[in-house]
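Order of the sequence lines sets the chain letters (A, B, ...), proteins ahead of strands, with each chain counted from 1. All figures in this text were calculated on a predicted structure; none of them were measured in a lab.
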Amino acid sequence: MVAHVREGRYEGIVTRFPPEPNGYPHIGHAKSVCLNFGIAQEFGGRCHLRFDDTNPETEEMEYVEAIKDAIRWLGFDWGEHLYFASDYFERMYDCAEILIGKGLAYVDSSTEEEIREARGTVTEPGRPTAFRDRSVEENLDLFRRMRAGEFPDGAHVLRGKLDLASPNMLMRDPVFYRIRHAHHYRRGDAWCIYPLYDYAHCLEDAFEGVTHSLCTLEFDNNREIYDWILDNVGFEEPRTHQYEFNRLNLEYTVVSKRKLGPLVKAGHVAGWDDPRMSTLAGLRRRGVPPEAVRLFADMVGVAKTESWVDPGKLEFAIRDVLNRTAPRVMAVLHPLKVVITNLDDGDVEELDAPYWPHDVAREGSRKVPFGRELLIEREDFAEDPPKGFRRLIPGGEVRLRYGYVIRCDEVVKGPDGRVMELRCTYDPDTRSGSAGSGSGRKGIGTIHWVSAAHALTAEVRLYDRLFDTPNPEEVPEGGDLVDNLNPESLVVVRDARIEPSVASDAAGTRYQFERTGYFWRDPVDGVGDALVFNRIVTLKDTWSGRAVSGDTSDVSKASGEVAPVSIREASRKATEAPSQTPTGGPRVSEERAGKRRADPELGARMLRYVEELGLSPEDADILTGSRGFSDFFEAALAEHGDAQTIAAWVVNDVRGVLGRGSVDDLPFGGMELGKLARLVDDGTVSRRAAKDVLAEMAAEGGDPATVIARLGLEKVADTDVLAGVVDTVLAAWPEKVAEYRGGKVSLMGLFVGEVMKATRGAADPKAVRAVLAARLGADS
RNA sequence: UGGCCCGUCGUCUAAUGGCAGGACACCGGUCUUUGGAACCGGCGGUGGUGGUUCGAAUCCACCCGGGCCAACCA
């Protein structure tokens, strides 16, 4: 795409996000949205929002609104470029008539079953149905009557007339239109024929002037039809082209409308916007800031390899954003009463507590009341502390965040032995920020707290991942997705206590509850007086992780639990399993062997290449894969004479420039290759530069000597000349030279490469290496 | 089983045939009135075997592994 922009191939970049409005968008869609809108932004182009609503049976207005909401929430704007595929039905219809007129589409009156059956399988070609050879007139007539509503559902379809024997199943006369007397959510009953994806999508892109149509990997096979339709309808270059990227897979979650829906229906979650859902509505309700989703999309990137992303990455993105934007307040989830014995009932001090830690450059603070009765987190006290415990213990001290150091003098227990209350004394000289605040108490822990008399009671919903296996969709025989649900994905704490300041905060404020995580008020259940908080994400916790791995490893071993293996690694293990046993015989392609059996002459050449010419069986195999290829080799050999050299050129380099084409399409023949090889031998051109010459010949044709002259690639092997270039290069990379002399010999490639670049590939690399070695070895 | 796509640190992702780099995770340290954040350091990778080349993650071959395709869904 960068290349397209540089070449000026398109006037401007146009992308599109093309959802079907048949469900709620999820985090996977967010990746696509960020990609499409992000590219448009980056290249100064535009991105369309287009609803791909060609299937009247599944689509609803509710979903188009949900999708628009989600995109706006993510922070993107389609401006005036809002489109609906259903608005293009008339134009699509016209295109179909063009195809019919060209004899490239026909009305098939077979049943669905018959068509499927006649399509063949991946190993057997398809065969025509009885209607494939209808006349243009008959097809046109039938198609018009299909539109007019003369036929019931399924009576006819319009199919492209492509190639029933294509190895690509999608090219075996795909269905373009089907009859559906269904009510469309936007077009009502205006149409009773509806186009299918492969037919419609490329046209939609083309109508809108899209330049880059980005879709997920599984549409790879569809690209062939995409191009076929556009070419045959008559769209000319520069037109839209399809490019594929990897869809987002997130471990421990499902990213699929099809799988998400049943969870909602069965009541395993509270709805499409349940905060545990991977829907954008769910993420949004949970409190995830949109900026974090965008950051996450950037972090995972795009590629063509199927990837499974660790949800820890999303969590990192969320924390990264919230750390900078969420004010700190204090809340106690599991309260334990602390009585400050050297304070009287009426003693209340308003302590100043900044909203931001020292490393977040923001201003602001609130008052937190401090009095005789406090509440601290139950787990911040331990009668029998583990090693390294830095919180309150009997007789020990701890600092109250923004307040004083207290000492635990007495532990009061109930009849059942449960700790009911801690009786402590505070040290008035240690108020946070005061002169004596740190005196002699380095290394002391700090805990959060609230004043019992002033704290507000709140419900806090602690969310965790919805599933407890990396790939929830992978279920054993007879199992169900539901079996993989994490039973602790939601823990509700009903009597948490929170400092009173939050009552007056703006709606939508995201907080950090110090030391416990990021939270915000649930936008549905937490409005008005109802204090209901959702945990957005925990804080990173290096302590409990350590404690857990230390304490419970034996337990998990005993219970037979196996550490979850990542999906990628599992597949790699499978790769390694079969031992690599190099077979004794030559490795030849079965396909080419077949061709040789069919053409005895090729078989004979194979034999001759190995026995007379002394080529390796592998090379001989490739060279005899077809008559054309073999002829090319022989023509080159006739010109040059050395079989090894020519074989290497043909096998490794000619095939490289060929791409998908055949040698017969090359604008030069074997003879020219032979000449080129001779020019390498006689020192006219370096082998390296000769590759560039070959590429040029493949692109423009021509005689090798002429191309060399035109490109100015005559070999430079003169030591003095090279020495000059070498010195220039070394002078430009002083620190690399030092590293090289320090032992990093892999840098030689860099130097050689730079010299080659400076001479545009004309230098003799062997000579360069020699000069370089001399220079770098000397004066060290 | 035919065709197509894809294999780079545990994970995600870079590297016109020329320095295998970044991020997350993990481990260690510094700092710290959040066991947070920040900072510093460490661990760790080109699926395999051959070939071409001065030089291969990149080009060629074979093998291994993964994915997609036989809806009148998208």
Using a 4.0 Å heavy-atom cut-off, does [X] contact any base of the nucleic acid, only the sugar-phosphate backbone, or nothing at all?
{"X": "A:H448", "answer": "nothing"}
{"X": "A:E20", "answer": "sugar-phosphate"}
{"X": "A:R116", "answer": "sugar-phosphate"}
{"X": "A:V768", "answer": "nothing"}
{"X": "A:T111", "answer": "base"}
{"X": "A:N246", "answer": "sugar-phosphate"}
{"X": "A:G388", "answer": "base"}
{"X": "A:T538", "answer": "nothing"}

How far, in whole Å, is [M] from [N] if one measures between their [atom1] atoms?
{"N": "B:C9", "M": "B:A15", "atom1": "C1'", "result": "15 Å"}
{"N": "B:U1", "M": "B:C69", "atom1": "C1'", "result": "14 Å"}
{"N": "B:C26", "M": "B:G67", "atom1": "C1'", "result": "29 Å"}
{"N": "B:G66", "M": "B:G17", "atom1": "P", "result": "30 Å"}

Using whole Å, what does the distance between atom [atom2] of nucleotide [N] and atom [atom1] of [X] come to?
{"X": "A:D220", "N": "B:C4", "atom1": "CG", "atom2": "P", "value": "11 Å"}
{"X": "A:F219", "N": "B:G67", "atom1": "CZ", "atom2": "P", "value": "18 Å"}
{"X": "A:D359", "N": "B:U32", "atom1": "CG", "atom2": "C1'", "value": "9 Å"}
{"X": "A:R223", "N": "B:C4", "atom1": "CZ", "atom2": "P", "value": "12 Å"}
{"X": "A:E514", "N": "B:A37", "atom1": "CD", "atom2": "P", "value": "13 Å"}
{"X": "A:F316", "N": "B:A25", "atom1": "CZ", "atom2": "C1'", "value": "11 Å"}
{"X": "A:I646", "N": "B:C60", "atom1": "CD1", "atom2": "P", "value": "19 Å"}
{"X": "A:N168", "N": "B:C5", "atom1": "CG", "atom2": "P", "value": "11 Å"}

Could you check [options] and say which one makes a side-chain contact (heavy atoms from CB on, under 4.5 Å) with [X]?
{"X": "A:V405", "options": "A:T430, A:V398, A:D429", "value": "A:T430"}
{"X": "A:Y226", "options": "A:L170, A:D205, A:D198, A:L203", "value": "A:D205"}
{"X": "A:E315", "options": "A:D310, A:V537, A:I536", "value": "A:V537"}

Whether [X] contacts [N] is assessed here as follows: a side-chain N or O lying under 4.0 Å from the phosphate OP1 or OP2. Is that the case?
{"X": "A:T54", "N": "B:A74", "value": "yes"}
{"X": "A:R324", "N": "B:A37", "value": "no"}
{"X": "A:T305", "N": "B:U13", "value": "yes"}
{"X": "A:T542", "N": "B:G36", "value": "yes"}
{"X": "A:T123", "N": "B:G3", "value": "no"}
{"X": "A:R592", "N": "B:C62", "value": "yes"}
{"X": "A:R119", "N": "B:C72", "value": "yes"}
{"X": "A:R655", "N": "B:A61", "value": "yes"}

Quiz item: [X] side-chain donor-acceptor pair to [N] base, under 3.5 Å:
{"X": "A:Q512", "N": "B:U34", "answer": "yes"}
{"X": "A:S432", "N": "B:U33", "answer": "yes"}
{"X": "A:D310", "N": "B:C24", "answer": "no"}
{"X": "A:R515", "N": "B:U34", "answer": "no"}
{"X": "A:K304", "N": "B:C6", "answer": "no"}

Let's see if you can work this out: which of [options] has an atom nearest to the side-chain heavy atoms of [X]?
{"X": "A:K313", "options": "B:U33, B:U1, B:A23", "result": "B:A23"}
{"X": "A:A303", "options": "B:C72, B:A14, B:G2", "result": "B:A14"}
{"X": "A:N221", "options": "B:C72, B:G3, B:C60", "result": "B:G3"}
{"X": "A:L539", "options": "B:C72, B:U34, B:C19", "result": "B:U34"}
{"X": "A:M299", "options": "B:A25, B:A74, B:A23", "result": "B:A23"}

Practice prompt. Give the stems involving RNA chain B, where a stem is 3 or more consecutive Watson-Crick or G-U wobble pairs (i with j, i+1 with j-1, and so on) under 3.5 Å.
Written response: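 Stems (3+ consecutive pairs) listed as B:2-7 with B:64-69, B:10-13 with B:21-24, B:26-30 with B:38-42, B:47-51 with B:59-63.
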Item to complete: Name the orientation of the base relative to the sugar in B:A71: syn if the glycosidic angle is within 90° of 0, else anti.
Response: syn
Looking at [X] and [Y], does any basic side-chain N land under 4.0 Å from a carboxylate oxygen?
{"X": "A:D764", "Y": "A:R687", "answer": "no"}
{"X": "A:K736", "Y": "A:E754", "answer": "no"}
{"X": "A:R247", "Y": "A:E218", "answer": "yes"}
{"X": "A:R431", "Y": "A:D427", "answer": "no"}

Run the ring-centre check on [X] versus [Y] and record whether the distance is less than 6.0 Å.
{"X": "A:Y511", "Y": "A:Y518", "answer": "no"}
{"X": "A:F176", "Y": "A:F143", "answer": "no"}
{"X": "A:W449", "Y": "A:F370", "answer": "yes"}

Fill in: Atom CD of A:E474 with >12 non-hydrogen neighbours under 6.0 angstrom
no
Practice prompt. Return yes when atom NZ of A:K766 has more than 12 non-hydrogen atoms of other residues, nucleotides or ligands closer than 6.0 Å, and no otherwise.
Written response: no
Fill in: Upstream residue (5' side of RNA chain B) when A:V300 and A:E754 are each assigned their closest nucleotide
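It is A:V300, whose closest nucleotide lies nearer the 5' terminus.
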Worksheet item: Of A:W733 and A:L400, whose nearest nucleotide on RNA chain B comes first from the 5' end?
Response: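 With A:W733 and A:L400 compared, the 5'-side residue is A:W733.
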Worksheet item: In terms of side-chain heavy atoms, does A:Y426 have a donor or acceptor partner in A:E397 at a distance below 3.5 Å?
Response: no
Discussion item. Tell me whether the ring of A:W543 lies stacked over the B:G35 base, given a 5.5 Å limit on centroids and a 30° limit on the plane angle.
Written reply: yes
Show me the protein contacts with nucleotides 50-55 of chain B, counting only N or O atoms at under 3.5 Å.
unit_1	atom_1	unit_2	atom_2	d
B:G51	N2	A:N652	OD1	2.9
B:U52	O4'	A:N652	ND2	3.1
B:C54	O2'	A:R769	NE	3.4
B:C54	O2	A:R769	NE	3.3
B:C54	O2	A:R769	NH2	3.0

